[in-house]
Amino acid sequence: MTDAAALPGQPRGGVLTGPATARAVNVLAPNPSAMTLDGTNTWIVSEPDSDLAVVVDPGPLDEGHLRNVVDTAEKAGKRIALTLLTHGHPDHAEGAVRFAGLTGTKVRALDPALRLGDEGLGAGDVVTVGGLELRVVPTPGHTSDSLCFHLPADRAVLTGDTVLGRGTTVVAHPDGRLGDYLDSLRRLRSLTVDDGVHTVLPGHGPVLEDAQGAVEFYLAHRAHRLAQVETAVEDGYRTPPEVVAHVYADVDRSLWPAAELSVRAQLDYLEEHGLI
């Protein structure tokens, strides 16, 4: 068995559902798959002495899960006062409208199409509820509307799909762009270096105890894959499916469709930079 401390980001072992930091509690959605790992992490975030809470990514449209999130907050003496979205993929956002109905909350997101209420989210925004402070960090790349939320009091960052608790994420071409994603990873690395962030609260998978290690691993992985794709093109593999079959030969074939999205994003990046 591999020691978790030796894995990228030092993933925390044990049960995924439950308290993760002093201010963040995870409620795992029942939607496990090859793409969602154990399922979507729905985060309830609040100050310990406050009766108000924020929910980040209510998850899929699953009535049992949405009610479980509400019940978990209420059992802790919390009322959910606001819903935030890291991005619009259905496994994170499909249940937002129903959840807003259950809780009477507004939904704030970068994409206006996902909002319920007049307020969106953008660079430099600070969300404050019941003494809680969440700083909005734009992190496009996985999708164009991807956001992270910096939780300074816990030296943590909620990353949605930008950084996962296990494995690596997909650059969801054509909406996702590799150049944007690399910039976003560097932005997260700055949080770990300049702002002392050490904990990743991901959208899927376990909590990571070494945020800087996780981001450095992601950057190295992307550089390695990009070099592999560039070499594959030079060796005559021209179409995205051909490149996937060559570069991702060691990856489960069920993940090849997702890998093809990232390959298309990498091919675009290489072409834009005059490398192919």
Side-chain angles (χ1 to χ4, degrees), residues 16-31 36 38-111 113-121 125-137 139 145-154 156-162 165 199-205 207:
L16 294 179
T17 290
T21 68
R23 292 164 179 80
V25 174
N26 182 31
V27 181
L28 183 65
N31 61 333
T36 60
D38 310 272
T40 300
N41 294 333
T42 293
W43 292 101
I44 303 171
V45 193
S46 66
E47 283 297 312
D49 59 353
S50 174
D51 62 353
L52 300 178
V54 173
V55 163
V56 177
D57 289 350
L61 184 55
D62 181 292
E63 187 75 11
H65 171 64
L66 300 178
R67 291 188 177 276
N68 188 26
V69 174
V70 175
D71 290 345
T72 299
E74 290 180 347
K75 286 176 183 176
K78 311 282 186 180
R79 177 177 66 82
I80 297 167
L82 182 64
T83 302
L84 304 178
L85 298 177
T86 61
H87 65 298
H89 279 167
D91 57 311
H92 293 258
E94 185 183 37
V97 173
R98 174 58 181 154
F99 188 72
L102 288 173
T103 58
T105 61
K106 295 179 179 179
V107 178
R108 295 182 63 182
L110 178 62
D111 184 350
L114 299 171
R115 301 172 191 167
L116 286 177
D118 297 330
E119 283 191 286
L121 292 170
D125 286 349
V126 178
V127 177
T128 55
V129 172
L132 178 75
E133 179 182 296
L134 287 171
R135 300 175 184 173
V136 179
V137 184
T139 49
D145 69 331
S146 287
L147 300 171
C148 292
F149 298 102
H150 178 199
L151 177 55
D154 283 348
V157 61
L158 295 95
T159 55
D161 282 355
T162 299
T199 302
V200 172
L201 306 175
H204 303 279
V207 171

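Being a predicted model, the structure only gives us computed values, none of them experimental. What's counted below: heavy atoms across the whole structure, side chains too, no hydrogens, waters or symmetry copies.
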Any side-chain heavy-atom pair from [X] and [Y] closer than 4.5 angstrom?
X      : Y      : value
Thr159 : Ser146 : no
Thr103 : Leu66  : no
Leu134 : His150 : no
Asp91  : His204 : yes
Val54  : Phe149 : no
Val127 : Leu121 : yes

Tell me, please, which residues at least two apart from [X] pass side chain to side chain donor-acceptor pair (under 3.5 Å).
X      : result
Asp145 : Thr143
Asp62  : none
His65  : Thr42
Asp38  : Arg166

In Å and rounded to the nearest 0.5 Å, what is the [atom1] to [atom2] distance from [X] to [Y]?
X      : Y      : atom1 : atom2 : value
Leu82  : Leu52  : CG    : CG    : 10.5 Å
Leu147 : Leu110 : CG    : CG    : 5.0 Å
Thr86  : Asp161 : OG1   : CG    : 6.0 Å
Asp57  : Leu158 : CG    : CG    : 8.5 Å

Any pair with a residue in residues 40-55 that passes salt bridge (Lys or Arg N to Asp or Glu O under 4.0 Å), sequence neighbours left out, goes on the list, sorted by first then second residue, please.
->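 Listed by first then second residue: Arg23-Glu47.
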
With His89 via ring pair (Phe, Tyr, Trp, His ring centres under 6.0 Å) - residues at least two apart | His87, His142

I'd like to check the side chain to side chain contact (heavy atoms under 4.5 Å, CB included) partners of [X]; sequence neighbours left out, ordered by chain and number.
X      : result
Thr199 : Thr21, Ala156, Leu201, Val207, Glu209
Asn68  : Val27, Thr72
Pro90  : Glu94
Leu116 : Val97, Ala100, Val107

Non-neighbouring partners of Arg135 that pass salt bridge (Lys or Arg N to Asp or Glu O under 4.0 Å), sequence neighbours left out = Glu133

For Arg67, check salt bridge (Lys or Arg N to Asp or Glu O under 4.0 Å) against everything at least two apart and list the hits.
-> Glu63

